[in-house]
Amino acid sequence: MHTKPVLLVVAHGSRDPRHAATVHALVRRVRSMRPGLRVETGFLDFNVPSVRGVLESLAAEGVRDVVALPLLLTRAFHAKADIPAVLREAPARLRIRQAEVLGPSPLLVSALERRLYEAGLTPADKSSTGVVLASAGSSDPEASAVIADIAREWWHTGWCAVRPAFASASLPRTEDAVRELRALGCERVAVAPYVLAPGFLPDRIARGAAGADVLADVLGAAPEVARVLLERYDAARRPALAALGA
């Protein structure tokens, strides 16, 4: 019988303990949604277990197939360079496929809206509310362009306006986007952090949201995020299934 590849969630890691706690909560939700699937977590930096350590343990157990899923919202440096480099150093017996990053996805936009409504907005507020789509930021222009595209598409669903903002590497900053939406005449301004877990840059977004009416929580273990993880896993293992005639 063909056994399913192990899903290895590859998280960035952080000195902030809230980061790892949020990653583990998300992984628990993924496990609960797909009970027969083995899901492991490895960190690139700061936290244990390391990605390398998990891969070595899996190989020692006799595991053959792994889908490594970057816990990232955009295809920036980590997805293009860091993670492939770590995976290349894995034990030779492992067959590893790297899944696509989580974003963009309509499910993630649904998760952003969920967080805004949890923070006090209602669907009736959309047309009078300007939203700052606040991401961590990247020096990779492709990643920044994706955030701008998401903001544009999200605006078309009925918000007064949606503006991208970045906590690092790119401009505008959250506080500048808040001021711009005020100047546009939106009745209220909400900040939606397009980040997965708390940490240094999300804290910077929160400080930049001081002038807003509403600050949503990070995406965290939202069920929509867990569903995207499983979608990316399924897409990565499909070529292998096709080769097996499954």
Side-chain angles (χ1 to χ4, degrees), residues 10-23 26 43-47 70-83 101-105 108-109 111-116 118-119 121 129-155 159 161-184 186 188-222 225 228:
V10 180
H12 185 274
S14 170
R15 291 187 180 88
D16 188 322
R18 296 172 299 167
H19 172 87
T22 303
V23 170
L26 175 59
F43 294 91
L44 288 173
D45 212 348
F46 302 118
N47 302 99
L71 199 58
L72 299 167
L73 294 171
T74 55
R75 264 185 58 73
F77 178 77
H78 293 299
K80 293 176 179 177
D82 276 11
I83 293 173
V101 297
L102 301 182
S105 165
L108 295 176
V109 175
L112 288 165
E113 294 215 354
R114 169 193 290 275
R115 293 301 188 225
L116 284 170
E118 287 169 353
L121 292 180
T129 302
V131 178
V132 178
L133 178 66
S135 84
S138 170
S139 54
D140 186 316
E142 180 192 345
S144 301
V146 166
I147 302 300
D149 287 344
I150 294 167
R152 195 162 40 247
E153 287 175 26
W154 198 16
W155 169 56
W159 295 99
V162 181
R163 291 289 186 272
F166 306 93
S168 68
S170 305
L171 294 171
R173 294 283 180 258
T174 303
E175 51 271 34
D176 301 325
V178 168
R179 278 194 292 271
E180 186 189 342
L181 290 171
R182 289 264 183 243
L184 273 177
C186 297
R188 68 186 69 72
V189 176
V191 174
Y194 189 59
V195 292
L196 285 165
F200 175 73
L201 293 176
D203 283 349
R204 184 180 283 175
I205 290 170
R207 287 194 299 274
D213 302 293
V214 173
L215 170 63
D217 201 358
V218 297
L219 295 173
V225 179
V228 178

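Heads up: numbering here begins at 1 and tracks the sequence. Predicted model only: the values in this text are computed from it and were never measured.
Rounding to the nearest 0.5 Å places CZ of F166 at 12.0 Å from OG of S139. Atom-to-atom distance recorded for L116:CG and T129:OG1 is 8.5 Å, nearest 0.5 angstrom. Here S135 contributes atom OG and I205 contributes atom CD1; the two are 6.5 Å apart, rounded to the nearest 0.5 Å.
When atom types are taken as modelled, the side chain of T174 and the backbone of A209 share no donor-acceptor pair closer than 3.5 angstrom. Checked by atom type and distance alone, the side chain of N47 pairs as donor or acceptor with a backbone atom of S14 at under 3.5 Å.
Evaluation of the side-chain hydrogen bond (donor to acceptor under 3.5 Å, both in side chains) test over residues 191-213, restricted to residues two or more places apart or in two chains, returns R18-D203, R182-D213. For residues 140-151, every residue pair satisfying the side-chain hydrogen bond (donor to acceptor under 3.5 Å, both in side chains) rule, not counting sequence neighbours, is listed here: K80-D140, K80-E142, S144-S170, D149-R152.
Residues A161 and L184 share a closest heavy-atom pair of CB-CD1, 3.9 Å. The two residues L112 and A192 have their closest heavy-atom pair at CD2-CB, 4.2 Å. V228 and S105 get closest at one heavy-atom pair: CG2-OG, 3.6 Å. Residues D16 and G199 come closest through the heavy atom pair OD2-CA, 3.6 Å. The two atoms that bring P172 and P164 nearest to each other are CG-O, 3.4 Å, heavy atoms only. When all heavy atoms of L26 and G220 are compared, the closest pair comes out as CD1-O, 3.9 Å.
Results of the side chain to side chain contact (heavy atoms under 4.5 Å, CB included) test with L196 over T22, L73, V218, L108 single out L73 as the only residue that passes.
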field: Stepwise side chain to side chain contact (heavy atoms under 4.5 Å, CB included) check, F43 with H19
entry: CA-CA 11 Å; F43 294 91; H19 172 87; 4.2 Å; yes
Take V195 and L219 through the side chain to side chain contact (heavy atoms under 4.5 Å, CB included) test and state the conclusion after the steps. CA-CA 6 Å; V195 292; L219 295 173; over 6 Å; no
The test is side chain to side chain contact (heavy atoms under 4.5 Å, CB included); show your working for H12 and D82 and say whether it passes.
CA-CA 10 Å; H12 185 274; D82 276 11; over 6 Å; no
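Side-chain contact check for L215 versus P193: some heavy-atom pair is nearer than 4.5 Å. Within the 4.5 Å cutoff, the side chain of V23 has heavy atoms near those of the L71 side chain. In this structure the side chain of L181 reaches within 4.5 angstrom of the side chain of R163, judged on heavy atoms. Side-chain atoms of T74 and V101, non-hydrogen and from C-beta on, never get closer than 4.5 Å to each other. The shortest side-chain heavy-atom distance between L102 and L72 does not fall under the 4.5 Å cut-off.
Applying the side-chain contact (heavy atoms from CB on, under 4.5 Å) test to E113 and every residue at least two apart in sequence or in another chain returns Y117, K126, W154, T157, W159.
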